[in-house]
Structure formats: structure tokens, C-alpha cells
Amino acid sequence: MPAYDPHAIEAKWQEYWERNRTFCTGDRSSKPKLYVLDMFPYPSGEGLHVGHPEGYSATDMYCRFKRMKGFNVLHPMGYDAFGLPAEQYAIETGTHPRVTTEKNISNIRRQIKRLGFSYDWDREFASTDPEYVHWTQWIFLLLFDTWFDPEYEWIDPEGKKRTGKGRPISELPIPAVVQTDGEETVCRYRDSFRLAYQAESPVNWCAALGTVLADEEVINGRSERGDHPVQRIPLRQWMLRITAYADRLIEDLESLQWPDPIKEMQKNWVGRSQGAEVDFFIETSDTSYEKWTAERKAMGFPGQPGPDTIRIYTTRPDTLFGATYMVLAPEHPLVGKLTTDDQRSEVEKYIKYASNLSEEDRVAGRGEKSGVFTGGYAINPVTGEKIPVWIADYVLISYGTGAIMAVPGHDQRDLEFARTFQLPVRAVVMPTDDWFQRMQDYLERLHEVLVIEVPNKKWPPQDPLGPDNYTQYIELLPEAFIEDGEGMQSANPGVSLNSLPTPLAKEKIVAWLVRSGIGRSAIKYKLRDWLFSRQRYWGEPIPILHALNADGEPSGLIQAVAEDELPVLLPEMEDFKPTGRPGGPLEKAVEWIHVRKEGREFARETNTMPQWAGSCWYYLRFCDPRNRDKAWDPDKEGYWMPVDLYVGGAEHAVLHLLYSRFWHKVLFDRGHVSTMEPFQKLVNQGMILSTTYRTSKGRIVPYSKIDFKEGKAFHVETAEELAGETEKMSKSRGNVIPVDIPVQQYGADTTRLYEMFIGPLESTKPWSMQGVEGISRFLNRAWRMIVDESGDELKLNPAVVRNDAPADEEQLRVLHRTIDAVSRDMESLSFNTAISRLMEFVNYFTAQENRPLTCMESFVLMLSPMAPHIAEELWQVLGHSESIAYAPWPLLDSRYIQESTIEMPVQINGKVRGRITVSADADEKAMEQAALSDPKVKKHLEGHAIRKTIVIPKKMINIVAKPNTN
RNA sequence: GCCGAAGUGGCGGAACUGGCAGACGCACGGGACUCAAAAUCCCGCGCCCCUCGCGGGCAUGAGGGUUCGACCCCCUCCUUCGGCACCA
């Protein structure tokens with residue numbers, strides 16, 4: 001039966017690898033190490049579709065290639081198994097999430113194993129394993145035990161001087177005032193510095209469902225399930241102080257081999273900006289403005305703003321003279337104080353309205369600015385002018401200081417707001433000529449559609465827009481000038497920014513603000529601290545105990561669960577239904593919660609960790625997955641880290657990668673890991689698309705209802721021809737192709753090869769069942785090139801056996817050119833072109849009567865990383881008894897890729913008109929001569945005068961010629 | 001709206017650093033083998049023109065530019081996909 005039988009071969013070799021533990025990796029070796037990692041998959045109940053194994057196929061091919069090149073390769077697999085779906089399923093059916101999870105894991109493990117990936121299965125684990133939960137909790141406690149010292153100076157492994165480091169909380173200096181206040185105050189003081197801390201933060205509370213919802217479960221302020229109203233209510237939460245590491249998260253990106261767009265996205269997410277904080281005096285204060293300014297001048301800028309000032313953050317302190325009003329976030333603490341009795345009901349109404357909008361809904365109303373005047377005023381510290389204070393939802397309490405100075409002349413949002421509520425607009429930066437020109441062009445284009453009501457002004461301006469009429473028309477322009485320009489209308493007795501370019505103006509005004517005790521330069525980040533607690537059952541319990549006072553109420557004092565009491569495992573529960581309280585399902589486990597220790601009463605923390613926790617450090621556990629005493633052995637970590645190649649989807653570009661990097665840096669600061677960054681090289685595989693079929697009425701038809709024939713699709717019932725469109729795979733589109741389908745039909749090798757053959761790893765590409773067929777044909781051809789299909793027993797094709805003579809020159813040239821190209825393609829993860837090269841090889845050698853054994857062996861070696869099962873089988877047919885997995889990669893003999901003669905195209909005026917063949921060592925002169933004597937070239941040059949000849953050795957010759965005029 | 005990526009035959013794609021556009025595969029057409037079909041093998045296959053040849057022209061989203069020479073670099077525009085969402 002020597003026809004290619006993928007199923008028999010694949011079962012045989014998968015069994016062989018497993019029995020011989022072929023891919024289990026030792027932790028020490030004289031070979032260079034290589035750590036190749038796939039992103040931690042979530043074991044969903046749906047199983048894998050053809051898109052999932054794309055990245056796994058790529059890393060597997062790379063690992064197998066590198067093993068043959070002599071590397072000691074770590075290539076593990078595991079499961080990120082906590083998460084919402086299993087819990088949701090438990091609520092609906094009563095099935096314990098652990099049961100669902102285990103079932104899903106074994107299904108996915110089966111699917112992965114069938115593809116024959118060379119994972120070290122001895123290292124497999126799931127984030128839900130108690131031993132893993134143990135060390136996840138241990139890391140949480142490390143975060144709890146760490147504070148960030150922004151002043152600490154140290155030298156990084158590259159010898160660079162750095163400032164700011166995470167240190168043990170025991171090293172936190174305690175101010176004398178705190179010390180004297182007693183033990184309890186010291187505790188609270190420490191708690192306020194920890195990287196893991198508690199704070200109030202709003203959650204999506206759905207009273208009807210009796211539970212807290214994730215953002216994605218809320219649509220337009222209502223629950224996705226059941227369409228019930230959702231409220232935002234504050235809740236005590238655990239936060240992680242990722243903002244302390246903001247600068248290092250940006251700086252350290254530089255050393256990484258990551259795609260630039262991903263680095264860019266991370267930078268933008270952290271969103272560092274340089275600006276200034278400025279205090280504005282509130283008019284309704286008890287003191288007078290004069291007294292306030294005098295005090296400030298004497299005392300300087302205080303760390304906290306005090307009750308009579310609004311502190312704002314701005315990136316454009318140079319526009320301070322143009323601040324004509326202020327806006328506070330509705331949640332800002334000073335709103336109550338500023339609001340006058342007249343305005344109170346309006347303001348309260350607005351606050352209520354804004355508080356029930358999720359951030360997403362706030363954005364939905366963008367464009368139309370909403371807000372309310374508080375009735376209160378503040379004083380602009382540079383002009384001394386009284387300016388109104390408003391509240392509006394476009395100012396976010398979570399960013400900066402939750403308050404802004406509004407400069408409608410030079411900020412688009414402020415301009416729109418000012419126009420809506422008819423607030424004054426003042427020009428304080430003179431735009432560039434270039435901008436005037438652009439604005440003028442824009443006005444001319446908009447001329448007919450733009451209708452702006454203008455009292456006392458003719459609109460649009462008669463004269464072209466420019467410095468002379470800018471001030472006059474500023475509030476009518478469709479866009480504010482927000483770029484750098486020159487200061488204007490910006491002077492008071494103490495300081496003038498007039499005619500100063502923006503960067504200098506910023507410096508000058510900040511210096512003045514500092515002198516006056518009114519402001520200081522400041523850096524802000526968009527990045528916010530990481531909300532780390534979830535009101536869920538199926539997650540790692542947060543290992544914290546809350547001390548209870550005599551009444552059994554939490555005293556506010558907390559302590560970590562002792563290290564030797566970890567892990568804190570989830571209590572067994574049967575009913576996962578919501579409690580009806582925001583606290584989450586663990587509140588039901590009364591016995592589990594109650595802890596008595598050394599005669600004192602404690603309640604366990606009932607919040608659990610988010611799904612991110614498990615995927616934040618799994619790459620470290622893979623270095624030493626069975627360690628019972630430690631999260632990992634430092635020697636093993638030192639040997640394997642960092643991850644040399646990390647492959648996964650771009651959807652994790654920001655959050656997962658940022659969170660992991662943050663944990664890694666804390667672990668580094670506390671001396672637990674040897675590298676500052678976890679993932680040296682990152683590659684994002686592109687999405688695999690599928691075809692969605694719809695009827696002429698636009699109804700989606702699932703694959704089970706489609707009859708494919710003659711390259712077209714017909715509805716099984718109506719026989720209507722269906723139109724196909726390439727789209728993302730999703731359940732709702734009915735176009736999901738489970739990976740079992742191609743594996744069953746064509747085998748694992750064909751499936752893996754096709755995953756890579758469709759196109760470059762990083763691009764989005766459509767799956768085509770017909771394309772899979774082509775790959776299957778290729779493997780069959782390769783098989784027949786080497787195996788004799790005629791008899792009953794497995795033996796070499798006579799064309800291979802017969803040949804005792806060495807390969808001829810041409811065969812060697814084909815072979816070595818293939819080795820050269822495939823080796824380079826494998827190194828750069830260009831598997832699509834590597835496969836093409838192997839196809840060309842097969843096409844060539846299939847036509848050869850004599851197929852030298854050495855050539856066939858090299859071919860099988862090159863095929864083996866990509867299609868390992870068939871390669872093992874062919875390797876055996878070729879007479880080897882050992883697995884091919886560690887056989888050395890074929891060596892390139894560069895003599896065979898050098899040509900003795902070269903064919904070069906000859907261009908005349910950039911068009912190919914002939915070809916010449918010259919010897920490889922011919923000089924430019926000789927090439928030119930050869931070109932000029934070529935009959936076709938001669939013919940084309942008739943009646944032309946040669947003006948110039950460009951000779952690029954080995955590439956081409958271009959003759960520039962002009963027709964003779966005479 | 002902003003940020004990012006990408007537009008090449010009927011389709012997926014290839015083309016290394018600015019040097020022969022369309023490798024390889026799919027689909028399609030023709031032929032061989034066969035009683036027949038499948039499988040397999042061979043040939044053809046960007047578009048257009050013609051005096052049908054070893055001919056010519058046009059072609060890498062559109063328009064322009066740089067260059068002896070542009071899929072590749074620059075400018076403007078169009079389209080598609082992905083991400084983000086008023087960040088002061």
C-alpha cells in the first residue's frame with residue numbers, strides 16, 4: 001500500500017514522538033538556547049478553527065528548523081483557562097467551571113496534538129492548576145510587598161544609569177509624623193504606597209441581573225443579556241500601580257525587536273505628555289485674590305491645591321492668556337462649592353445624567369458638546385480676569401487633574417464648546433502662513449455649504465485670511481489653530497510672550513508661573529492604574545485578609561495571606577448564580593471567608609483576579625513548570641529567558657503585552673528575573689479569513705447547507721447559486737472552518753503547509769479549501785518522487801535506487817539553490833516562499849530519470865520542519881533508523897550557486913530589447929561590447945545615437961539612445 | 001476623526017538593497033492515458049493590437065514627481081482592512 005497515506009503515517013509518528021519523548025527539552029546543554037513561545041490560548045468550548053494553528057504552525061516549523069541547526073529549543077504549550085464563558089455556563093447549567101474547563105482543554109489538546117506540533121508536553125499546564133494559582137498569588141503578594149521609589153538610582157544590566165525602581169515595602173521611609181501616630185497609621189501609610197492597593201472605582205452594576213458586568217457585556221447603557229438598565233456605581237477594588245512604570249515601559253521598548261506599529265501603539269497607550277499644572281483662584285473663596293497671590297509668591301506652589309483653587313493640567317501653558325473659561329469634570333470635588341444656588345438644580349441634573357453614562361456612551365454624543373454653567377467664577381492668573389467655571393462630560397475626572405482651562409482659540413473641543421454656549425474666543429497664538437493658506441483653501445471649498453450666523457460681521461471674510469483679520473474672525477473659523485506659532489495678545493506687567501515661538505513661550509511662562517508660585521511643569525500619562533479585581537468566581541482568589549473589628553466589620557486594616565498558606569483555592573460551590581450584591585459570588589462562601597488566626601478574626605478577600613493574571617507570567621513558569629518550592633528556579637530562568645520569539649495575534653498588541661511587561665519589571669526590580677524585558681522578538685500573525693455565503697436576499701447560509709461544485713456554491717435546498725464574500729471567521733457569519741475538517745480530509749502535514757502557503761505570516765489572508773487541495777497534490781508528488789508506488793511494500797522509487805553515480809552539475813545547482821533559498825526563508829519565517837522553492841525542486845526532480853539519493857535526502861531534511869510526518873516516513877524509506885528531528889540541516893555549498901555564465905537583459909531606453917550571455921567574470925567593457933553586438937540590439941539602435949550606457953554587472957545593461965535627427 | 005497596515009492576472013500571492021513584473025499554487029482551456037470516470041502526466045494561460053514573428057503596445061488602485069531605470073523613493077487623491085476613541 002505504498003500510496004501516500006497521511007492518516008496512517010501521522011498516527012504512527014505522533015505515537016513515536018510521544019513514546020520517545022522526542023521533543024522534551026533538557027535545561028542544560030552545550031548548544032545555544034532558543035525559547036520560542038505561542039500566546040497562551042484560551043480553551044473555548046468551540047475548539048480550534050483553521051485560524052488558530054497559524055501561529056502554532058509557524059513557531060513549530062521554526063523550532064524544528066532550529067533544532068536541526070543545533071539549538072536547544074524550548075517550545076511549550078499550556079492554557080489560559082480562567083474566564084467568563086465557563087462561569088456563564090455554570091450559572092446557566094450548574095456545571096462546575098472546572099468540569100467545563102477540563103473538557104475544553106482535552107478537546108483542544110487533542111486538536112493540537114493531531115497537528116503534530118513539537119511541544120514539550122512534559123511542561124504543559126493550565127492557569128487554573130492549583131500549583132500555578134499558588135505562584136500567581138505569590139506574585140500578587142510580591143506586588144503587594146513592593147513600592148515604587150521614583151528617586152532610586154541604579155545601573156541596568158546594559159550598564160545604563162536608571163532612576164526609579166520597585167523596592168520592598170519594608171524599605172519605605174516612614175515620616176516621623178506618621179511614626180508617632182502609631183502602628184495603625186504606619187500600616188495605612190504603607191498601604192498607600194504599595195503597587196497593589198485598594199481604591200474606589202466605578203463598576204457596571206446591573207440590578208436586574210444582580211451582578212457586575214464587564215464593559216463588553218454592556219451595550220448602550222443596558223445589559224447585553226436581557227436588556228436591563230446598567231448603572232455605574234463605585235466599588236472597593238484592587239488596583240495595580242502600573243503608572244509608576246510608565247516611563248520604563250516606554251524607554252525599554254527601544255531594545256526590542258518588535259514590529260514598529262506595535263511599539264507605536266504601546267507608546268500611545270502609555271501616552272506620556274509634557275505640560276504644566278496651573279492653579280486658578282476661585283472667586284467664592286474666603287480670602288481675597290490679592291492675598292492669595294501674595295501668599296503664593298511667598299510660599300511657592302503647594303503639593304496639594306487647597307480648597308480655594310482649581311488645579312488644571314495643560315500641554316499648552318503658552319496659551320494661558322487665551323483661557324476664557326474653565327471646565328471641570330462633573331465628578332470634580334469642587335463642583336459643589338462653586339455652584340451657586342441659581343444653578344444648583346441644573347448642575348445636579350447634569351451630574352446625574354453624566355454619572356450614568358459609561359465612558360463609551362459619553363463618547364457616542366461627541367460632536368455636540370454638552371455642559372452646564374456652575375454659576376461660579378475663577379480668576380485667570382495671568383490676566384486677572386474673572387472667568388466662568390462650567391462642568392462638561394468632555395472633561396474626564398480620570399485624566400490630568402479632572403479640570404481644564406479652556407482656550408477656545410487654540411483647542412478644537414474648547415472652540416466647539418465655546419460656540420455652543422457663546423463664550424468668548426481670544427487669539428493668543430499667531431498661526432503660520434502655511435496654516436492661513438490651508439484655512440483659506442478650506443474656506444473656499446466650503447464656501448457654499450458653510451452657514452454661520454454672524455452678528456456685525458461679514459462672513460466669509462472678503463480679504464484672504466491672514467494676520468490682519470485673524471483676531472476678528474477667529475471664533476468663526478471651522479478649526480482652531482492648535483499648532484506651534486508665535487505668541488500674541490499675551491502680556492501682563494510681569495511677563496510677555498508676544499512674538500515668541502511656541503516652545504520658547506512655554507518655557508518662559510512656566511518660569512514665570514514657578515516664580516509666582518502658581519504653576520509648575522508636569523508630566524502626565526494617559527495610562528491609568530490597572531483595575532485588578534473582578535466580582536467573579538472563576539478566577540484566582542486575591543490572597544488578602546481583612547481584619548475585623550469587635551462588631552465583625554472590616555476595620556480597613558489588611559494583611560497578606562502568609563506565603564506558606566498559599567495557594568488560596570476557590571471554595572467548592574454548587575450555585576454560581578449572582579448574589580444580588582455587587583461583591584461577587586464568593587460572598588456566598590461564608591465558611592471559606594471566615595478566618596481565625598492567632599485569636600483574631602479575618603475575612604477573606606472575595607474579589608478574584610482578572611484573566612490577564614494567568615497570562616502575565618506563564619512564560620516564566622514554562623522554564624520550570626513542576627517546581628513545588630518556587631515559582632521557578634533562578635538558574636533555569638537565567639538559562640532560558642528571555643523568550644527569543646513570541647508569536648500571537650495583533651489583538652493583544654496593547655493590553656496583554658503591556659501587563660506582562662509590567663509584571664516582569666517588578667519581578668526584575670525585586671531580583672526574581674534576570675532580564676528587564678520578557679519578549680525579545682515579537683511577530684503578529686495575520687488573521688485567516690473565510691468565505692461567507694449569502695443568498696440573493698442577503699441571508700447567511702451555513703456551510704452545512706451548501707453544495708460546492710464546479711468551483712461554485714449552491715444552496716442544498718433551493719439550488720440557488722450563492723455569492724461568497726471574504727470575511728472574518730465568526731459564529732454569527734456561519735463561516736467558521738474547524739481545524740478538524742482539513743486534518744480529517746487531507747492530514748496534518750497538508751493542513752500545516754497550507755496554513756503557511758496562503759501568504760506571509762503577518763498578513764491577513766483567506767482560507768480556501770481548493771488551495772488545500774493543491775498542497776495535498778504537492779505532498780503526493782513529493783512522495784512519488786521518492787517512493788515506488790507500484791508494489792505492495794514500501795520501497796524506494798527505482799529512479800532513486802538506480803543511481804549510484806553522483807549528482808550531475810545541474811542537479812547540484814538546483815539542490816544548492818534550493819538549500820540557499822529555503823534556509824534564508826526559514827530564518828525569516830517566510831514559509832510561503834520556502835514551500836514554493838520545495839515545489840520547484842519536486843517539479844524539477846520528478847522529471848529526472850536519475851534522482852541521486854543525496855539530493856533526495858537533502859530535500860526530505862528541508863521538508864521536515866514543515867511537514868514532519870511525511871518527512872519522518874520518507875527518511876525511514878531512505879534508510880535511516882533515527883528520527884529526522886535532530887538530523888543536521890543540509891549544508892550549502894556556495895560553489896554551486898555561482899554561475900559560470902550569466903544571462904543579462906539589455907534595455908534600450910528602459911525597455912528590454914535583447915538578452916546576452918556573458919561569462920561571470922566579464923568586466924563592464926566586455927558586457928557593453930556583447931550588448932552592442934547583439935543582433936536585436938543592433939537592429940533597435942539603427943538610426944540612433946548612443947548617449948549613455950549604464951552597466952550594472954550581473955543585473956542588466958541599459959543603453960540610452962536618441963534618434964538621429966539628420 | 002486620529003493612528004497603523006495594505007492595494008500586483010479570474011483568485012492567493014512572488015519579485016533580496018531602485019535593475020528582466022507575474023515565481024509557486026488555485027481556477028480555467030487543450031491534449032495523453034482509460035471502455036469510461038477519478039487520479040496522474042504533458043501543453044497553454046495578464047490585457048490589447050497586428051503584417052501572427054524570434055513582432056509591437058499597455059499594464060503593479062488613480063494622478064503627478066525624482067531617476068538612465070520605480071510595484072519599490074517623494075507628493076496629492078481614492079479604496080479596503082485593523083486599532084483607538086473628546087487625554088487638556
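Since the structure is predicted, the reported quantities are computational estimates derived from the model, not experimental observations.
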Visitor: Going by purine N1 to pyrimidine N3 plus the second Watson-Crick contact, or the G-U wobble pair, all under 3.5 Å, which nucleotide sits opposite B:G18?
Guide: none
Visitor: Please check the phosphate of B:C87 (OP1 and OP2 only) for any side-chain N or O of A:Arg272 closer than 4.0 Å.
Guide: no
Visitor: B:C87, B:G19, B:G82: which one has an atom nearest the side-chain heavy atoms of A:Met687?
Guide: B:G82
Visitor: Looking across every strand, which nucleic acid part, if any, lies under 4.0 Å from A:Asn958 by heavy atom: base, sugar-phosphate, or nothing?
Guide: base
Visitor: Considering every strand shown, what is the Watson-Crick or G-U wobble mate of B:G69 when both distances are under 3.5 Å?
Guide: none
Visitor: Would you call A:Asp279 and A:Arg311 a salt bridge, taking side-chain N to carboxylate O under 4.0 Å as the test?
Guide: yes
Visitor: Please state whether the phosphate of B:A88, meaning OP1 or OP2, lies under 4.0 angstrom from any side-chain nitrogen or oxygen of A:Tyr399.
Guide: yes
Visitor: NA contact type, A:Asn780, heavy-atom cut-off 4.0 Å: base, sugar-phosphate, or nothing?
Guide: nothing
Visitor: Which nucleotide wins on minimum distance to the side chain of A:Arg781, given the candidates B:C41, B:C24, B:A14?
Guide: B:C41
Visitor: Could you tell me the separation between the CG atom of A:Leu779 and the P atom of B:G25, rounded to a whole number of Å?
Guide: 13 Å
Visitor: Over how many whole Å does the gap from A:Arg837 atom CZ to B:G25 atom P extend?
Guide: 13 Å
Visitor: A:Ile950 near the nucleic acid: base, sugar-phosphate alone, or nothing, with a heavy-atom cut-off under 4.0 Å?
Guide: base
Visitor: Is it the case that more than 12 heavy atoms not belonging to A:Ile482 sit under 6.0 Å from its CD1 atom?
Guide: no
Visitor: Give the ring-plane orientation class for A:Phe417 versus A:Tyr394, where under 30° counts as parallel, over 60° as perpendicular and anything between as tilted.
Guide: tilted
Visitor: Rounded to whole angstrom units, what separation is found between the CG atom of A:Asp318 and the P atom of B:A88?
Guide: 14 Å
Visitor: Does A:Asn832 put a side-chain nitrogen or oxygen below 4.0 Å from OP1 or OP2 of B:A14?
Guide: yes
Visitor: If you measure from the C1' atom in B:U66 to the same atom in B:C73, how many Å do you get, rounded?
Guide: 8 Å
Visitor: Quick one: is B:G12 close enough that its OP1 or OP2 comes under 4.0 Å of any side-chain N or O from A:Lys765?
Guide: no
Visitor: Parallel under 30°, tilted from 30 to 60°, perpendicular over 60°: which one fits the rings of A:Tyr4 and A:Trp783?
Guide: tilted
Visitor: Give me the distance, rounded to whole Å, that separates B:A14 from B:C2 when you measure between the P atoms they each carry.
Guide: 31 Å
Visitor: Rounding to an integer number of angstrom, what distance separates B:U40 and B:G4 when you compare their P atoms?
Guide: 48 Å
Visitor: Give a yes or no on whether a salt bridge exists between A:Glu54 and A:Lys765, defined as a side-chain N under 4.0 angstrom from a carboxylate O.
Guide: yes
Visitor: Taking only the side-chain heavy atoms of A:Thr315 (C-beta and beyond), determine which of B:A88, B:C24, B:C20 contains the nearest atom.
Guide: B:A88
Visitor: Please report, rounded to the nearest Å, how far the P atom of B:A39 is from the CZ atom of A:Arg777.
Guide: 8 Å
Visitor: When rounded to the nearest Å, what value does the distance between C1' atoms of B:G10 and B:G65 take?
Guide: 34 Å
Visitor: On the nucleotide B:A88, are OP1 or OP2 found under 4.0 Å from the side-chain N or O atoms that A:Ser273 carries?
Guide: yes
Visitor: OP1 or OP2 of B:A39 versus the side-chain N and O atoms of A:Arg784: is any pair under 4.0 Å?
Guide: no
Visitor: Could you check how far CD1 of A:Ile312 sits from C1' of B:C87, rounded to whole Å?
Guide: 14 Å
Visitor: Using the C1' atom as the point on both nucleotides, what is the distance between B:C81 and B:G61, in whole Å?
Guide: 15 Å
Visitor: If you measure from the P atom in B:G30 to the same atom in B:C24, how many Å do you get, rounded?
Guide: 23 Å
Visitor: Name all residues meeting the ring-ring contact (aromatic ring centres under 6.0 Å, His included) criterion together with A:Phe481; count only those two or more places apart in sequence or in a different chain, and write none if there are none.
Guide: A:Trp435
Visitor: Which way is the base of B:G57 turned, syn or anti, if we draw the line at 90° from 0?
Guide: anti
Visitor: Please determine if a side-chain N or O atom of A:Arg316 lies less than 4.0 Å away from the OP1 or OP2 oxygen of B:C87.
Guide: no
Visitor: Mind calculating the distance between CE (A:Met405) and P (B:C87) to the nearest angstrom?
Guide: 15 Å
Visitor: Among side-chain atoms of A:Tyr350 and A:Ser370, is any donor-acceptor pair under 3.5 angstrom?
Guide: yes
Visitor: With C1' as the reference atom in both, quote the distance from B:A6 to B:A39 in angstrom, rounded to an integer.
Guide: 40 Å
Visitor: Could you tell me how far B:U17 sits from B:A70 if I compare only their C1' atoms? Round to whole Å.
Guide: 14 Å
